[in-house]
2 protein chains.
Amino acid sequence: MLVRMDDGRKARAGRPRGFDAEEALERALVVFWRQGYEGATLTDLTRAMGITRTSMYAAFGNKEELFRRALDRYSEGPGGYVARALEEPTARAVAAGLLNGAVRATTRPGCPAGCLGVQGALATGDPGHRARDVLIAWRNDAGSRVADRFRRAVAEGDLPPGTDPDRLSRYVTSLVYGISVQAASGVARDDLQQVADTVLRNWPPATGG
Amino acid sequence: MLVRMDDGRKARAGRPRGFDAEEALERALVVFWRQGYEGATLTDLTRAMGITRTSMYAAFGNKEELFRRALDRYSEGPGGYVARALEEPTARAVAAGLLNGAVRATTRPGCPAGCLGVQGALATGDPGHRARDVLIAWRNDAGSRVADRFRRAVAEGDLPPGTDPDRLSRYVTSLVYGISVQAASGVARDDLQQVADTVLRNWPPATGG
DNA sequence: CTCATTCTGTACCGATCGGTTCGATACTCA
DNA sequence: TGAGTATCGAACCGATCGGTACAGAATGAG
């Protein structure tokens, strides 16, 4: 299809795409974020994207693939705080990055309240079960990476010896998801920030039985 | 319509209902719980209830009313731990009742994982926005009652003076919702119990800035 | 018995679902 | 310029959506 395989700059035969795929994806992301996978119809999506169904299918495959792409974009955009937090030098800073980041990402003015990774497809009927599985994997992957990061912190002596990193990860991610649900309920940013502050004020929690 | 207005025992004219409405509601509850409001179709619901659409509409009004009724039943059944927890004598016992109850309710064998009040309609399209509003009110009402209970605990000296009851409520309810999301992701009961244990092990958290 | 009343199953309603067909259009390449 | 190719808009697809009309069936009242 590409005329020049050695240089994919442009050189594509045929009528050029009449829209910016990245910007269209951004619009679709917001619709999925606000309405969830099942609640976002092709009509809603394509209207927000400013393109027709045909163009969407040509560019992204189908609704499910569009959702996957939107989730990827979410991870790099509004959800980027997770990756940034994991690179913080201390376990405390990691937790702070996750919790403060969650508060801000789930209460961004002009964006839907809550987290796409949570409310995008938490419970679905049969047609949405693949989207649900994608989000379950997304959440569990995030949890694993936080646990690994805390494991490293224990090894480095950055967390008290005997700390259970999996347990600590589950605690922090539960708070992140809980903050997201509260945000989706309309709770104000300041109130959620107090939750994050409370957790960090009592950091690290003792993980003994 | 009732033949005897002074005694509504039965004495209803016409063909008697051929199914147990409460049992049918219980079946509908499970479908909403597993698939969410939008993901649960009338076909799914009535098949599980063992009745026809006509009978469902005659007994419950419409899908939205059925959902409301199912949520009420959920509050008295699987979600009953909230009301029970609020009657515990100490703030610590209240928190323990909420967290341990959430762990068990969201990981009941034979029931969908997670919480109906969270995953029933967290993000929806236009047709589901009333169900979403119902759940938002349900969650916020629960949060208010927990805050009121903690307020009482502060007044009684059961919590350290200066404790912010609203803030503490938000912290606990965030964890309850977070546990619910984790459960919906397939996290095992034991792992979630560790989250509850961690919170209680560090109870009460300091709520200073 | 008859009659009014209520419930049940079938068959159906318009609207919308996700997805596709197709001809017109706009581009690159030779 | 003409051949080849990809995109575009509109109209359309069968399936399913939530919800109903209607006729038969089962009851209590008289």
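Per chain, numbering begins at 1; letters A, B, ... match sequence-line order. If you're wondering where the values come from, they're calculated on a predicted model, not measured in any experiment. Basis for what follows: all heavy atoms, side chains included, without hydrogens, waters or symmetry-related copies.
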| Considering residues at least two apart in sequence or located in another chain, which fulfil the side chain to side chain donor-acceptor pair (under 3.5 Å) criterion with A:W203? | none
| query | Can a donor-acceptor pair be found between the side chains of B:Q182 and A:T173 at a distance below 3.5 Å? | reply | yes
| All pairs passing salt bridge (charged side-chain N to carboxylate O under 4.0 Å, His left out) where residues 145-154 of chain A contributes a residue, at least two apart | A:D141-A:R145, A:D148-A:R151, A:R151-A:D166, A:R152-A:E156
| query | In whole Å, what is the span from the CD atom of A:E64 to the P atom of C:dC17? | reply | 18 Å
| task | Return the residues of residues 15-22 of chain B meeting this criterion: a heavy atom under 4.0 Å from some atom of DNA chain D. Order them by number, or give none. | result | B:R15, B:P16
| query | For residues 42-63 of chain B, which residues have at least one heavy atom under 4.0 Å from DNA chain D? | reply | B:L42, B:T43, B:R53, B:T54, B:Y57, B:N62, B:K63
| message | Testing the 3.5 Å rule here: is there a donor-acceptor pair between the side chains of B:Q193 and B:D197? | response | yes
| field | B:E65 bridged to B:R68 by N-O distance under 4.0 Å | value | yes
| message | Applying ring-ring contact (aromatic ring centres under 6.0 Å, His included), can you list everything that pairs with B:Y74, at least two apart in sequence or on another chain? | response | B:W33
| task | Going by the side chain to side chain contact (heavy atoms under 4.5 Å, CB included) test, name the single residue among A:F67, A:Y37, A:W138 that passes it with A:L116. | result | A:F67
| query | Please, which pairs that meet side-chain hydrogen bond (donor to acceptor under 3.5 Å, both in side chains) have at least one residue in residues 105-115 of chain A, sequence neighbours excluded? | reply | A:T107-A:R189
| field | Separation of atom CZ in A:R130 from atom C1' in C:dG18, rounded to whole Å | value | 15 Å
